[in-house]
Amino acid sequence: MQRVVLVTEHDDGLQIIAQMNKSQVFELVGVMQDHHHPTSSLFENIPVFTHSSPPDVHVDLIIYSPSYKESANRLLEDKYTSAGKIPVIQFGSLLTRLNDNKTPLKDLSHLQQLRSILDNTHDGMIVIDQHLMITIFNKSAEKMTGITKDDAVGKSVLEVMPNSQLPRVMDSGIEEVNQEQMLANGTKIYTTRTPLLSHEGRKLGAFAVFKDITEIVDLAEEVTNLKSIQSMLRSIIQSSEEAISVVDEEGKGIMINPAYTKLTGYTAEQVIGKPATTDISEGESIHMQVLKTRKPVRGARLRVGPNRKDVIVNVAPVIVDGLLKGSVGVIHDVSEIKGLTEELNRARQIIRTLEAKYSFEDIIGESEEMNFAVDQAKLAASTPATVLLRGESGTGKELFAHAIHNASSRKFNKFVRVNCAALSESLLESELFGYEEGAFSGALRGGKRGLFEEANGGSIFLDEVGELSQNTQAKLLRVLQENEIRRVGGTKAIPINVRVIAATNVNLEKMIADGTFRQDLYYRLNRMPIYIPPLRARNHDIILLANHLLQKLNQDYGRNIDVISRDAEQFLLAYHWPGNVRELENVLGRAIIHMSHTDSKIDRSHISLLSLEQTKAKSEAAANELFVLGEETKTLAQQIDEFEKNILTEAIKRFHGNKTKTAKSLGISLRNFYYKLEKYGLDEKPRK
């Protein structure tokens with residue numbers, strides 16, 4: 001028999017006890033009341049208790065009135081945890097059916113087991129009786145609908161779920177299979193509704209079994225999206241011009257693209273499902289290295305395919321949710337990169353022959369002296385200051401001027417070059433500043449804009465600025481001071497915005513002393529002086545320059561000379577190079593002209609120079625002769641200069657011509673040191 005505890009109103013309890021006695025299926029083992037005051041002899045042999053003192057007996061069912069629902073819940077949680085719980089109205093209906101149908105006791109013994117099965121099934125289940133009252137509402141139904149079992153059982157299904165179709169199914173007696181329905185809380189379900197009929201065909205009720213398909217629909221949409229993304233990625237990989245290979249976590253190929261086949265010569269049949277080492281002809285598999293370390297590798301050199309193609313490989317791991325799924329590699333053909341680089345260099349050389357434009361990348365040299373000059377020029381490029389480039393003829397002053405302009409904010413505006421020594425005074429003035437109509441005989445109608453006006457917004461390079469006449473110097477000074485020019489024959493001042501880059505190979509300080517160069521103009525031009533060292537002062541750059549010039553000369557003469565022999569290099573290093581880089585280019589060009597078209601190497605026999613010893617002797621004699629003072633009595637300034645010159649000479653010898661170390665030992669800046677070298681003519685002396 002099923003052992004029962006009542007948590008009910010007094011009248012409900014009396015009615016239930018009478019029905020239980022009639023059914024002989026249930027045994028009453030206790031009655032709970034909030035106030036311990038039994039009022040009927042029916043309770044005389046039954047324990048009556050409060051919540052604080054329940055009897056220690058086995059209980060199968062707790063039957064409760066609606067007003068005692070909370071008390072029944074507490075009793076179930078605190079004492080009789082294995083018992084079932086059922087409302088009075090539902091229990092009364094059950095007893096009525098038992099008494100009417102004489103249900104065998106052995107079927108009722110499985111009531112708790114059936115209830116447990118229904119509650120733990122994944123599908124939601126709702127059962128109604130012929131009065132539309134909900135009799136079963138399992139845990140899955142609670143979860144899907146958001147309605148608790150206590151709020152549903154014993155109530156009309158139309159009250160609990162107004163859109164329920166169970167009443168219609170019960171009335172029609174027709175089963176409805178896999179019907180889609182939207183619940184009130186937005187949950188999508190598939191439900192099967194079945195009428196309950198007795199053997200005689202009498203309508204007993206109906207039940208519904210349903211599944212939550214919200215998650216299934218979302219998952220289907222996600223799968224569709226994943227398939228779309230996969231298809232898109234596959235299309236991208238297949239259409240990419242980059243050679244791509246993908247392997248799984250075991251290092252076996254799972255995908256390649258046509259560009260990969262074109263580069264390596266391997267087809268998908270030869271790679272897919274095969275180890276990652278299949279396509280490597282020389283080197284170790286980068287795929288396997290990445291799978292082992294889980295870290296990307298870039299710029300690895302390998303040879304791949306039957307043709308042993310030289311390639312660069314970039315490989316990265318594929319990690320999903322912290323799990324290694326494989327790796328993807330992108331392969332670049334090095335030979336193609338080399339070809340494109342050579343083609344780009346040839347294009348640059350052609351452009352330079354047309355427009356003569358250079359950047360700092362075109363300044364070749366690794367010596368400390370040249371690096372210092374380049375750093376100073378880059379600093380000057382970032383400012384609007386006037387720059388004065390100083391150095392011997394052929395050292396590359398114009399190259400520096402181009403680089404400064406192209407690295408400045410004016411690089412997209414004009415760069416005008418003027419050789420001040422190539423034009424007469426009158427012609428130079430009209431070219432620089434322009435002229436008005438009728439300024440002189442032969443003047444163009446309407447006048448002419450000068451080079452300063454042409455360069456407005458850009459830069460103007462004044463080479464050999466030491467050759468300017470006193471009159472032109474005065475006009476240039478006005479340009480630098482007032483940022484305006486006045487045309488020849490004109491009276492109107494024209495404002496301009498021009499960056500002036502000047503260059504000279506003469507001693508401007510000596511010219512100031514002689515009165516041939518204006519001191520105020522010197523200070524305006526010398527705002528940012530940059531000394532460019534002669535070639536003999538950066539001996540280690542000679543071979544570097546020679547190889548760079550060979551590329552240019554090959555382009556000019558249509559030759560393919562790419563090697564300088566060891567003997568020829570030693571001879572070039574031993575020469576004094578009074579003509580600097582210009583002379584080096586001249587010597588190499590002359591050598592190429594006299595070589596056979598089949599030759600590809602410059603030997604010592606191809607290079608023709610003056611005797612090295614004679615050149616050194618003449619240069620030293622000229623340098624010494626240039627700065628020897630006369631026999632007349634020396635002034636204090638002359639004696640101080642001579643003393644300073646001797647100190648500099650000894651220091652240079654002590655540090656074997658290393659200008660950086662010499663300047664540091666004397667406690668002066670490298671720029672000031674170069675200035676003193678030029679002042680005393682010491683830059684003319686060969687390095688020891």
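Residues: numbered from 1 along the sequence shown.
- Listed for the Arg559 side chain is no donor-acceptor partner under 3.5 Å among the backbone atoms of Ile593.
- Salt-bridge formation is not detected for the pair Glu368/Arg538: no Lys NZ or Arg NE/NH1/NH2 atom is positioned less than 4.0 Å from an Asp or Glu carboxylate oxygen.
- Each of Glu453, Glu431, Glu436 was compared with Lys448 under the side-chain hydrogen bond (donor to acceptor under 3.5 Å, both in side chains) criterion, and only Glu431 meets it.
- Counting heavy atoms from C-beta outward, His606 and His594 have side chains that stay 4.5 Å or more apart.
- The side-chain heavy atoms of Trp577 and Ile542, taken from C-beta on, include a pair separated by under 4.5 Å.
- Applying the side-chain contact (heavy atoms from CB on, under 4.5 Å) rule to Leu399 yields the partners Tyr358, Asp362, Ile363; only residues at least two apart in sequence or on another chain are considered.
- Ion pairing between a basic and an acidic side chain is recognised when a charged N comes within 4.0 Å of a carboxylate O; Lys659 and Glu369 show no such pairing.
- Not a single donor-acceptor pair under 3.5 Å links the side chain of His332 to the backbone N or O of Gly299.
- Under the 4.5 Å side-chain criterion, counting only non-hydrogen atoms from C-beta, Phe415 is not in contact with Ile460.
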| request: Show the numbers, then the answer: is there a salt bridge (charged side-chain N to carboxylate O under 4.0 Å, His left out) between Asp333 and Lys309? | output: CA-CA 7 Å; Asp333 189 349; Lys309 280 286 188 71; 3.8 Å; yes
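- For Lys475, the NZ atom is densely surrounded, since the number of other residues' heavy atoms within 6.0 Å is greater than 12.
- For Glu585, the side-chain contact (heavy atoms from CB on, under 4.5 Å) criterion is met by Leu549, Lys552, Leu553, not counting sequence neighbours.
- Sorted by first then second residue, the ring-ring contact (aromatic ring centres under 6.0 Å, His included) pairs that include residues 451-492, not counting sequence neighbours, are Phe433-Phe452.
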